[in-house]
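What follows is a single structure, written as structure tokens, with notes after it.
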Amino acid sequence: MTDGPALRAVGPSSLIREEWFLGVSVVTSLAFLAFQEQLFGRLADPLWFSVVFVWLFAVVLGSALSVVRHADHLAERLKEPYGTLILTLAITSIEVMAISAVMLHGENNPTLARDTLFAVVMIILNGMVGLSLLLGAWRRPEQQHNLQGANAYLGVIVPLATLSLVMPTFLAGPDGQHPSAPRQLILGIISVGLYATFLFLQAGRHRDYFTDDSNRHEYHGEHAPPRGPVWPHAILLFAYMAPVVFLVEQLARPIDYIIETLHAPTAFGGVVMAILVATPEAISAVRASIANNLQRSVNIFLGSVLSTIGLTVPAMLVISRLYGHPVKLGLEHGDLVMLLLTLAVSIITFASGRTHLMQGAVHLVLFLAYVLLIFQQ
């Protein structure tokens, strides 16, 4: 991966060519700010609806991809685990903003947070893991990663996923499966506490768990080591995130229109948000795996799942209490089985510190089963 040429060039024209999408994002934000009613007034027209939806989705996704690009540059300079930590926290912030916008904009959808969390877990632990392992193993028999790091991730992911998405199904309160205020408080404290403890381990005394020097990266000798200051990439990372705050709120309107007017499945909003969040990290993880840097891939997809559950759940519970939008977290029926199966297979996949092609194929089959279940419900 080459260093950002725009940030090393002396002329502003090079910076403009490299960061042109920031202009697209800003112009789009201004357009929807100035002509909001005109742009959303014709959503009943299928063609116009498609134009508005694709436009907003593409700009938000492009901004998220740019965030990942600059996070990757920071990762090369700061090394693991700090680089991946910046990436996961940035994408998790976008996810919280996106879910909050859809949750607060339209009619109350108590399952939106749950559906988004479940979709993110399925896309990452099955789709992203499967594709990364399959493509990474295509040219080599095995790939290695740090077993202690994977165990640390899964040791927190499994209990948090169970407490957040499984346990509420069996603890019906006075409002059904909506968690009561005491349970929300306990779940929030547990999630934040475990995630904070994990960060202390990851960035402190055990950060060597999340590095693996045994792999020889195939791009190591092809490019010069990254040089230059860190701050330009940090500034541009936040510059790309800024329009997302506004644009995801605009994207909520066509999503709500599909669910409320066209009676699409309520899980549709969660799947759209999950794709928006998972795609940038998926690209980064697959690239790292192809380059025989499986450790970075493991840090990305397991770190993403952990931050999604550990940070998004408390954030959604706080928003639920502040704005009076109840949330329903417990999975049911086939979704519950798919989550438990995915967690079990993930434990097996990362149990040895080595991965191969068959494991990637298994995860992709589970992802296909999840996609088929969406259309069966």
Side-chain angles (χ1 to χ4, degrees), residues 88 92 95-96 98-100 102-103 109-129 153-173 175-195 198 265-275 277-278 301-321 325-347 363 366-367 369-371 373-374 376-377:
T88 55
T92 302
E95 178 184 8
V96 171
I99 299 176
S100 302
V102 178
M103 178 185 294
N109 182 4
T111 64
L112 175 65
R114 179 199 70 184
D115 293 337
T116 303
L117 290 174
F118 179 57
V120 169
V121 172
M122 291 296 104
I123 291 173
I124 294 177
L125 286 187
N126 287 327
M128 186 192 301
V129 170
Y153 278 118
L154 291 171
V156 184
I157 289 173
V158 172
L160 283 184
T162 303
L163 292 173
S164 301
L165 298 174
V166 177
M167 189 66 70
T169 304
F170 304 96
L171 294 177
D175 300 322
Q177 289 189 21
H178 303 304
S180 61
R183 276 192 278 152
Q184 288 185 14
L185 179 62
I186 294 173
L187 179 58
I189 292 175
I190 290 175
S191 299
V192 174
L194 282 179
Y195 189 73
F198 177 85
T266 55
F268 175 80
V271 172
V272 171
M273 294 297 103
I275 293 174
V277 171
F301 43 64
L302 293 185
S304 177
V305 171
L306 177 56
S307 62
T308 294
I309 301 175
L311 297 179
T312 304
V313 168
M316 292 302 101
L317 292 177
V318 170
I319 293 173
S320 170
R321 300 300 300 179
H325 283 249
V327 292
K328 181 179 179 181
L329 294 176
L331 293 171
E332 300 172 334
H333 311 303
D335 291 344
L336 180 59
V337 175
M338 281 299 302
L339 175 66
L340 297 177
L341 178 60
T342 296
L343 293 176
V345 172
S346 297
I347 293 173
H363 282 274
L366 291 181
F367 179 70
Y370 162 70
V371 174
L373 283 174
I374 293 177
Q376 292 295 321
Q377 296 177 357

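Computed from a predicted structure; not experimentally measured.
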Given side chain to side chain contact (heavy atoms under 4.5 Å, CB included), test Leu306 with Leu302 step by step and report yes or no. CA-CA 6 Å; Leu306 177 56; Leu302 293 185; over 6 Å; no
Quick one, [X] and [Y] - any side-chain contact, counting heavy atoms below 4.5 Å?
| X | Y | value |
| --- | --- | --- |
| Val318 | Pro314 | no |
| Ile123 | Met128 | no |
| Leu187 | Leu329 | yes |
| Leu160 | Ile190 | yes |

To the nearest 0.5 Å, tell me how far [X] [atom1] sits from [Y] [atom2].
| X | Y | atom1 | atom2 | answer |
| --- | --- | --- | --- | --- |
| Thr342 | Phe367 | OG1 | CZ | 11.0 Å |
| Met122 | Leu117 | CE | CG | 11.5 Å |
| Ile189 | Leu317 | CD1 | CG | 11.0 Å |

Just by distance, do the side chain of [X] and the backbone of [Y] share a donor-acceptor pair under 3.5 Å?
| X | Y | answer |
| --- | --- | --- |
| Ser164 | Ala161 | no |
| Thr169 | Glu332 | no |
| Arg114 | Gly330 | yes |

Under the side chain to side chain contact (heavy atoms under 4.5 Å, CB included) test against [X], which residue among [options] passes?
| X | options | value |
| --- | --- | --- |
| Ile157 | Ile347, Thr162, Leu343, Thr308 | Leu343 |
| Leu366 | Val129, Val345, Leu125 | Val345 |
| Leu165 | Leu336, Asp335, Leu339 | Leu339 |

Determine whether Ile309 and Val156 satisfy the following criterion, side chain to side chain contact (heavy atoms under 4.5 Å, CB included), listing intermediate values before the conclusion. CA-CA 10 Å; Ile309 301 175; Val156 184; over 6 Å; no
Determine whether His363 and Ser346 satisfy the following criterion, side chain to side chain contact (heavy atoms under 4.5 Å, CB included), listing intermediate values before the conclusion. CA-CA 8 Å; His363 282 274; Ser346 297; 3.8 Å; yes
Once the angle between the rings of Phe118 and Tyr370 is folded into 0 to 90°, is it parallel (under 30°), tilted (30 to 60°) or perpendicular (over 60°)?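 Answer is perpendicular, since the angle exceeds 60°.
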So which heavy atom on Ser307 is nearest to which on Tyr195, and how close?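 Scanning both residues completely, I find the closest heavy atoms to be CB-OH, 3.5 Å.
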Determine whether Leu331 and Val166 satisfy the following criterion, side chain to side chain contact (heavy atoms under 4.5 Å, CB included), listing intermediate values before the conclusion. CA-CA 6 Å; Leu331 293 171; Val166 177; 5.7 Å; no
